[in-house]
Amino acid sequence: MFVHSPVLPFAAAVMLWCFRDVLWGATGLSLLLLAYAFRRLWQWWQDLTIAVDGVTFKEPLVKSHPRCLPVLRPHTAPPSRSYRQKSSAPSSNGDDFATPRETLGKEGDVPDRAESGNPPFTAEFSPWQSLPYGKPAVQTTPSKPYWTECDATVFDVRNICYKQTKEKVPSEVALYDCVGMDMIRDHQPIVDVMSKLPTDAEGRRKLPASPAGAPTWDPSWGVPRVVIINCLLPYKAGYLMAAHPEDDGGLSVCNYFVLSKRESEILANNQASPALSLWKRFVANGQSSKDGTPLKVLGRIEDLARYEVPESFHRFNNKPVLLTKSSRVITTHLPEVLEIDYDVRSWVYPARSALASYHHRAAEAELEVGYLIEGKSDDELPEQILGCCTLYDMDILQAKWL
């Protein structure tokens, strides 16, 4: 390693330069060694990766390798955003919470997912009815937050031969369908959402239903039928070194996902894509680790340029953030349910500070959020979105108190 370091030729060049009046040819050799040292320094910079707590600030600058050409999958171009109409979704109970989702199949409401292989409608699941699906029929000031489906192809993920080419391509459709969300808060951080779900008459936790027409879920598939992802957000940035303020319980933005019909059919036929196989390993490991199977989150705002935010926001638009030390995988509810909690309080201070200072901008933007497991070797690639959603008018001050 030291032989390939720029330090050795640089030190030799300095020594020869000091003896240039004594040794013949020392000047020329010193300049050659200095040029070689700068070349090695540039190569070191090209290969360097800078990451802090899973946030990548610089990736290696690697050109395509001739022996590993990009492997392109048959894929459509990323969808146009023009189809996203913030239309009013009908409400079955007279308020702004639209449920069940079977009522949302009219033209102009939301994109139909049948074309991507997912069931177009699923009964909505939101135990606390705090974040409805579809734009509320009754407009208020300020606008109330809501969510809709998200097309997974808007996210760029690693392609085969990523180590050599650094190529990213649009993801295939998500492995799981988002069937509901909640935005809740308490005086203390909310963890293990599954244990807080309401129960039926027999004391069993109520869970979202599988897609209509999907094969019956089988525990032998090695993947959970339901995935709950709980994002814990603080209202305050906290301190640079000290513990987070105890009076900031923050809020939880919860996603409820069910295994899609498409992936259920694949597993029922004893087949598995690289992404499904990688997801099985993640479930078996029961943790998100940088050296193992790390979970990543992607955030994307298409028209970010129109918002007054720091330049750092643009660098992370549609870029992954590793959820390792900040995450906790709860496996006690397996094999049917897996919950993943991750706490933004554990992120580096600049990230916490930026989110706390500009959270009001989220109330103005259309935010697409996707989760996936990081693929490293070619047998784990291409990556594929695990689950995703689109958030509108995300005023976190409107989180529902428990």
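Keep in mind that this is a model prediction, so the values were computed, not measured. Side-chain atoms are counted along with the backbone in the values below, which use heavy atoms only and exclude waters and symmetry mates.
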*Asks:* Within a radius of less than 6.0 Å around CZ of Phe38, do more than 12 heavy atoms belonging to other residues, nucleotides or ligands occur?
*Replies:*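 Not buried by this count: 12 neighbours or fewer within 6.0 Å.
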*Asks:* Any donor and acceptor pair, going by atom type alone, linking the side chain of Arg225 with main-chain N or O of Pro208 inside 3.5 Å?
*Replies:*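 Yes, because the side chain of Arg225 sits within donor-acceptor range (under 3.5 Å) of the backbone of Pro208.
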*Asks:* Side chain of Asp248, backbone of Tyr235: donor and acceptor closer than 3.5 Å?
*Replies:*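 Yes.
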*Asks:* For the pair Glu383 and Lys296, find out whether any cationic side-chain nitrogen is under 4.0 Å from an anionic carboxylate oxygen.
*Replies:*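 Lys296 and Glu383: salt-bridged.
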*Asks:* Will you find, in the side chains of Trp217 and Ser264, an N or O donor that is under 3.5 Å from an N or O acceptor?
*Replies:*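 No, no side-chain donor-acceptor pair sits under 3.5 Å.
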*Asks:* Is Gln398 reaching over with its side chain to a backbone N or O of Ser143, donor-acceptor style, under 3.5 angstrom?
*Replies:*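 Side chain of Gln398 to backbone of Ser143: a pair is present.
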*Asks:* Keeping Asp378 on the side-chain end and Ile160 on the backbone end, is there a donor-acceptor pair under 3.5 Å?
*Replies:*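 Flag not set: sc Asp378 to bb Ile160 has no pair under 3.5 Å.
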*Asks:* Going through the checks in order, is the side chain to side chain contact (heavy atoms under 4.5 Å, CB included) test met by Leu298 and Val321?
*Replies:* CA-CA 7 Å; Leu298 283 162; Val321 175; over 6 Å; no
*Asks:* Got a salt bridge between Asp200 and Arg205, using NZ or NE/NH1/NH2 to carboxylate O under 4.0 Å?
*Replies:*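 Salt bridge between Asp200 and Arg205, a charged N being under 4.0 Å from a carboxylate O: no.
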*Asks:* Evaluate the ring planes of Tyr342 and Tyr371, with Trp represented by its six-membered ring, and classify them as parallel (under 30°), tilted (30 to 60°) or perpendicular (over 60°).
*Replies:*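 Plane angle over 60°, so perpendicular.
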*Asks:* Any side-chain heavy atom of Cys178 sitting closer than 4.5 Å to one from Glu149?
*Replies:*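 They are not in contact (no side-chain heavy atoms under 4.5 Å apart), so the answer is no.
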*Asks:* Does the Glu336 side chain pair with the main chain of His333, one donor and one acceptor, at a distance under 3.5 Å?
*Replies:*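 No: the side chain of Glu336 does not pair with the backbone of His333.
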*Asks:* Under a 4.5 Å cut-off applied to non-hydrogen side-chain atoms, are Ile266 and Ser273 in contact?
*Replies:*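 The answer is no; the side chains never approach within 4.5 Å.
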*Asks:* Can a side-chain donor-acceptor contact be found between Asp291 and Ser289 if the only test is distance below 3.5 angstrom?
*Replies:*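 There is no such pair (donor and acceptor under 3.5 Å, judged by atom type) between the side chains of Ser289 and Asp291.
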*Asks:* Between Phe155 and Val169, is any pair of side-chain heavy atoms under 4.5 Å apart?
*Replies:*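 When only atoms from C-beta onward are counted, Val169 and Phe155 do not touch, as no gap falls below 4.5 Å.
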*Asks:* Quick one, Leu32 and Tyr36 - any side-chain contact, counting heavy atoms below 4.5 Å?
*Replies:*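 The answer is no, as the side chains (C-beta and beyond) never meet within the 4.5 Å cut-off.
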*Asks:* Do Pro320 and Lys168 touch side chain to side chain, with heavy atoms closer than 4.5 Å?
*Replies:*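 With C-beta onward as the side chain, the pair touches.
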*Asks:* Please step through salt bridge (Lys or Arg N to Asp or Glu O under 4.0 Å) for the pair Lys144 and Asp395, ending with a clear verdict.
*Replies:* CA-CA 8 Å; Lys144 292 189 176 182; Asp395 181 2; over 6 Å; no
*Asks:* Go through the steps for Ser326 and Asp343 under the test side-chain hydrogen bond (donor to acceptor under 3.5 Å, both in side chains), then give the verdict.
*Replies:* CA-CA 5 Å; Ser326 62; Asp343 196 340; over 6 Å; no
*Asks:* Using 30° and 60° as the class limits, which term best fits the ring planes of Tyr133 and Trp147: parallel, tilted or perpendicular?
*Replies:*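 Perpendicular, since the angle between the ring planes exceeds 60°.
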*Asks:* Cut-off 3.5 Å, side chains only: do Tyr256 and Tyr176 have a donor facing an acceptor?
*Replies:*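 Not at all, the side chains of Tyr256 and Tyr176 share no donor-acceptor pair under 3.5 Å.
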*Asks:* Taking the side chain as every heavy atom from C-beta outward, state whether Glu339 and Asp192 have any pair of such atoms under 4.5 Å apart.
*Replies:*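 SC-SC contact between Glu339 and Asp192 confirmed.
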*Asks:* Could you go through Leu131 and Leu391, starting from their C-alpha distance and side-chain angles, then the distance that decides it, and tell me whether this counts as side chain to side chain contact (heavy atoms under 4.5 Å, CB included)?
*Replies:* CA-CA 10 Å; Leu131 190 58; Leu391 299 166; 4.1 Å; yes
*Asks:* So, do Asn159 and Leu381 sit near enough that their side-chain heavy atoms are less than 4.5 Å apart?
*Replies:*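 Not touching, per the 4.5 Å side-chain cut-off.
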*Asks:* Evaluate the side chain to side chain contact (heavy atoms under 4.5 Å, CB included) criterion for residues Ile340 and Ile330: first the C-alpha distance (whole Å), next the side-chain angles of each, then the deciding distance (0.1 Å), finally the verdict.
*Replies:* CA-CA 6 Å; Ile340 304 172; Ile330 302 175; over 6 Å; no
*Asks:* Hey, is CZ on Arg281 packed in by over 12 heavy atoms from elsewhere, all under 6.0 Å?
*Replies:*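 For Arg281, atom CZ is crowded (more than 12 foreign heavy atoms under 6.0 Å).
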*Asks:* List the steps, then state whether salt bridge (Lys or Arg N to Asp or Glu O under 4.0 Å) holds for Glu374 with Arg158.
*Replies:* CA-CA 8 Å; Glu374 182 176 81; Arg158 294 181 175 186; 3.3 Å; yes
*Asks:* Going by side chain to side chain donor-acceptor pair (under 3.5 Å), Ser252 matches just one of Asp341, Asp186, Asn230. Which one?
*Replies:*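 Of all the options given, the one that passes is Asn230.
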*Asks:* First locate atom CG of Leu386, then atom CG of Leu278, and finally report the distance between them rounded to the nearest 0.5 Å.
*Replies:*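 That separation rounds to 10.0 Å.
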*Asks:* Looking only at atom types and distance, does a side-chain atom of Lys280 sit under 3.5 Å from a main-chain N or O of Ala275, one as donor and one as acceptor?
*Replies:*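 No, Lys280 side chain to Ala275 backbone: no donor-acceptor pair under 3.5 Å.
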*Asks:* Distance-only, no hydrogens or angles: does the Ser126 side chain make a donor-acceptor pair with backbone N or O of Met181 under 3.5 Å?
*Replies:*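 Yes: the side chain of Ser126 pairs with the backbone of Met181.
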*Asks:* With a 4.5 Å limit on heavy-atom distance, are the side chains of Ile385 and Glu172 in contact?
*Replies:*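 No, side chains not in contact.
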